[in-house]
Amino acid sequence: MSRKTIFVDADILIVGGGMGGCGATYESRYWGRDLKIVCVEKANIERSGAVAQGLYAINCYMGMHWNENQPEDHVRYARNDLMGLVREDLGYDIARHVDATVHKFEEWGLPIMRDPKTGRYQREGKWQIMIHGESYKPLVAEAARKAASAVYNRIMVTHLLMDSKHPNRVAGAVGFNVRNGDFHVFRAKAVIVAAGGASHIFKPRAVGEGMGRTWYAPWSSASAYALPILAGAKMTQMENRIVLTRFKDGYGPVGAYFLHLKTYTQNAYGQDYEAFWRDSIEKMVGDYVNHHPVPTCLRNHALLEEVKAGRGPIRMVTKEAFKDPHKETVGWENFLGMTVGQAVVWASQNIDPKETNPELTTSEPYVMGSHATCSGAWASGPEDYAPAEYQWGYNRMMTVDGLFGAGDTIGGTAHKFSSGSFTEGRIAAKAAVRYVMERSKDRPEVSQTEYEQLRKVIYQPLETYRIARNEIVGGTVSPSYLLPLHGLQRLEKIMDEYVGGISAHYTTNEPLLTRGLELLAMLKEDLSYLGAPDLHQLQRAWELQHRVLASECVTQHTLFRQETRWPGYYYRADHPRLDDKDWHCFTLSRYDRETGRWEMEKAPVYHIVD
Ligand SMILES: Cc1cc2nc3c(=O)[nH]c(=O)nc-3n(C[C@H](O)[C@H](O)[C@H](O)COP(=O)(O)OP(=O)(O)OC[C@H]3O[C@@H](n4cnc5c(N)ncnc54)[C@H](O)[C@@H]3O)c2cc1C
């Protein structure tokens, strides 16, 4: 079938119009008044990304003008939560700019709650402020839409294009329109990837009728990692997957409950169990358990051990707080503003939190760079603050020339959340504009052979299905093709059983990881037989390709780091303790797309803030 090819020329191309992407689009226009700024998004930026449904809190706000916190405090906080390992230069850079971003959100119409006594923003916790955030995303998208030369919605980006003159320089991207199938070739001088995190790489707790219910957005399909990995960018901390303690079956958030409503947890027998596990945790990780606040992973660990000891389920004690009508309202509104599904689950399970303390559980692992975890691309730091070893070019540029990132894409900087991701988009955009202006006469060249080849590869699943579909008369299993859902379930099973998912109690070891890599290699071979009945399934096919590559990267990193740095996120049973002597470092990987090999190395952690 003949398909239209649409060529788009841009100075700056932003891939993904979520929080990071909208921030990048907005700021690119500020510094690059005359530049062509193009944002490309697989959904519609109005309601795309992890903030699609809205949020009830902005989790990263310093409050510097009220002297509430300083950027250094945030660096200390994130470092502590990540058991010592964060890129302090990148974190500091976000923290010093994030307040200005939040003030813009308010200017653009976001209702931020105020403390009636002080007039300041209403704090949920030390770093969080409370918002009426159902329309958070449309509001941020409006700013990006007004700033962009063009926004291309419904285009799934599948590959980055490289400069035919300089193999380590990016030159654009290709993708297809998920509604009409048009092929898009974007030629750009700089590319900012802001394509979100990765859910559905580990088997989720919710299967069967609940499939699709995950904590992180189900449409976060690892493009943020696969696109740079395929372009040869170095990745960091990909082993640092996140596991969340959440309300059972609906993944409802617990932040407002712990911080604002002051609810607390107990085991099935009404006991406080966290203190009970302190000494054994200290044997595993040393003094980190005595830090305040106790790192998120260690709190997960105590919960997991308590359940293993047979004293589950763990419950959140809501009965006391919900007696206060104000707190009861906040408790429900918290869900209605961002996770309506949890309210529905409670209703369907006859749970009234005033009468019953609801159960908590730990989620399957996710890979992302903006929450309490820091997987992602290895990026150059700010000129005025980063140590020399972390600087090789422009701020937030990856190890590929002209390729920038923001939000979940960039590694080493946990706890940026929605506001920090938008801020990082702004930071990346400012640097990308400078990159483009300083190289105004040096436009990268896109090779026709390269994009024509990619065009064939991209649509192949439609062709494979068309030719083979008559081999079966009913059902979905074919001798000649694999449907994206089948591939996804195979991936989730491998990751779950070999790389530390829920079925394995988050535990793995070298033999398991080695076998996992063999099985992933076989899955990768079979991906050339993906069949897609329609464009929607073609998108699923490419999301699967991205998830598989990112999963391979996660597995390589998990194998490389021979210690258990974050118990509660995952365990290397063959190296059960934290080992600061050998592993107080970042792990870096680089994928060679010609040979399919991964190179691993360590990079130093510099502590800039005392
Ligand atoms: C359940 C949940 C609760 C959260 N709670 C809070 C909270 O209370 N407070 C807070 O501040 N933060 C919260 N966060 C975190 C916040 O949502 C993220 O930190 C932030 O959205 C990350 O920004 P991003 O730009 O990296 O990714 P996203 O905002 O997810 O944007 C990624 C975008 O890329 C697009 N995309 C992906 N792949 C492609 C592709 N191949 N081609 C084209 N487009 C693509 C996606 O459609 C999406 O629009 C929460 C997140 C989740 C999931």
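Atoms within a ligand are numbered from 1 in the order they appear, just like the ligands themselves.
- Using cut-offs of 30° and 60° on the angle between ring planes, the pair Trp566 and Tyr570 is tilted.
- Residue contact annotation: Ala194 has a non-hydrogen atom under 4.0 Å from ligand 1.
- Ring orientation note: the planes of Tyr61 and His103 are nearly perpendicular, at an angle over 60° on the 30°/60° scale.
- A salt bridge is defined here as a Lys NZ or Arg NE, NH1 or NH2 lying under 4.0 Å from an Asp or Glu carboxylate O, and Glu27 with Arg396 fails to meet this definition.
- With contacts defined as side-chain heavy-atom distances shorter than 4.5 Å, the pair Ile6/Val185 does not qualify.
- Ligand 1 has an N or O atom lying under 3.5 Å from an N or O atom of Asp408, backbone or side chain.
- Those atoms of ligand 1 that come under 4.0 Å of a heavy atom in Ser223, given as number and element, are 38 (N), 39 (C), 40 (C), 41 (N).
- With atom 8 (O) of ligand 1 as the reference point, the heavy atom nearest to it among Ala256, Ala224, Ala226, Ala57 is part of Ala57.
- Of all heavy-atom pairs spanning Arg123 and His260, the tightest one is O-ND1, 3.9 Å.
- Under 4.0 Å is where a charged nitrogen must lie from a carboxylate oxygen, and between Glu364 and Lys203 no such pair does.
- We find that Lys42 and Glu543 are joined by a salt bridge, their nearest charged nitrogen and carboxylate oxygen being less than 4.0 Å apart.
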(message) side chain to side chain contact (heavy atoms under 4.5 Å, CB included), that's the test. Do Tyr152 and Val8 meet it? Break it down for me.
(response) CA-CA 10 Å; Tyr152 287 83; Val8 179; 3.5 Å; yes
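- Closest to atom 43 (C) of ligand 1 by heavy atom, among Met19, Lys42, His546, is Lys42.
- Only the side chain of Ser421 comes within 4.0 Å of ligand 1, judged by heavy-atom distances.
- Nearest-heavy-atom check against atom 11 (O) of ligand 1 across Gly196, Gly420, Ser418 picks out Ser418.
- Annotation: atom 17 (O) of ligand 1 to nearest protein heavy atom, Val51 CG2, 3.3 Å.
- Of the inter-residue distances, the one linking Thr158 atom OG1 with Tyr459 atom OH reads 8.5 Å to the nearest 0.5 angstrom.
- Given atom 35 (C) of ligand 1, the protein heavy atom at minimum distance is Glu41 OE1, 3.2 Å.
- Contacts of Leu55 with ligand 1, taken as heavy-atom pairs under 4.0 Å, involve the side chain alone.
- Among Ala50, Gly252, Ala217, the residue whose heavy atom lies nearest to atom 30 (O) of ligand 1 is Ala50.
- At least one N or O atom of Ser370 sits closer than 3.5 Å to an N or O atom of ligand 1.
- Ligand 1 has no nitrogen or oxygen under 3.5 angstrom from a nitrogen or oxygen of Ser419.
- At a threshold of 4.0 Å, the pair Lys126-Glu68 does not count as salt-bridged, since none of the basic side-chain nitrogens sits closer than that to a carboxylate oxygen.
- Of the N or O atoms in Tyr216, none lie within a sub-3.5 Å distance of an N or O in ligand 1.
- Where the criterion is an N or O separation shorter than 3.5 Å, residue side chain and backbone included, Val157 meets it with respect to ligand 1.
- Residue nearest to atom 2 (C) of ligand 1, selected from Trp215, Phe417, Trp542, Tyr251: Trp215 (by heavy-atom distance).
- For Ile155, every heavy-atom contact with ligand 1 shorter than 4.0 Å involves the backbone, none the side chain.
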